Amino acid sequence: RFCAGSRLRRISALCTTLVVAMALRLMALRRFASKPAPLGVEGGQAKAVKESVMKATEGVKNFSFSAFFEEKHFWQKANVGPFFLVLFFTPTLYRSLKDAYWTRQLRKLNTEEVISDRYDWLRLNMLKDEVEEQLLKHVPEGGVKPLELGPSLPP
């Protein structure tokens, strides 16, 4: 049982938590919002971001494999670091991705096999229990007499 005072304290603590959360959300919105600019005029930060995106897309659009791999450009002007890194690490990356794929597949297969084995074990034990139950119904009143091949004592 709670008294009215503890309920009021809990409600007060909950309201305080909500007010703090709302204040933090408002501060985050103000912090990451761009500076206001008149309609039709782009703000400085938005303009810089837009220019950098346009420059990056322009570089991708203007890329030519024949110009990049032309001998003089390739050895003197082109940034060949990424090309050689990809070329050097391709076998390692391929092997790692292949190992990760097969590890996942075999783990899934192992789980399926364990579940299947458990069902087989359960099915066989259920059959065994049913057979034992039927055999126990046919046992004579005094039990089963032991089978003797000859007398237990010599004559």
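All values reported here derive from a predicted model rather than from experimental measurement. In this chain, residues are counted from 1 in sequence order.
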>> With clusters defined by side-chain heavy atoms of hydrophobic residues (ILVMFWY) lying less than 4.5 Å apart, directly or transitively, does Val19 cluster with Met22?
In response: no
>> Taking Phe65 as the starting point, is it possible to reach Leu87 by hopping between hydrophobic residues whose side chains are less than 4.5 Å apart?
In response: yes
Please set out all donor-acceptor pairs under 3.5 angstrom arising from side-chain atoms of residues 120-133, sequence neighbours excluded.
none

> Within the side chain of Thr103, is there an N or O that forms a donor-acceptor pair under 3.5 Å with the backbone of Asp99?
Replying inline: yes
> To the nearest 0.5 Å, how far apart are CZ in Arg107 and CD in Glu112?
Replying inline: 13.5 Å
> Do Trp102 and Leu97 belong to the same hydrophobic cluster, where Ile, Leu, Val, Met, Phe, Trp and Tyr are linked whenever their side-chain heavy atoms lie under 4.5 Å apart, directly or via other members?
Replying inline: no
>> side-chain contact (heavy atoms from CB on, under 4.5 Å) for Gln134 and Lys137? Distances and angles first, verdict last.
In response: CA-CA 5 Å; Gln134 292 300 321; Lys137 286 181 181 177; 3.7 Å; yes
>> If you count heavy atoms of other groups shown closer than 6.0 angstrom to CZ of Phe84, is the number above 12?
In response: yes
> Is Gln105 close to Lys108 at the side-chain level, that is, under 4.5 Å between some pair of heavy atoms?
Replying inline: yes
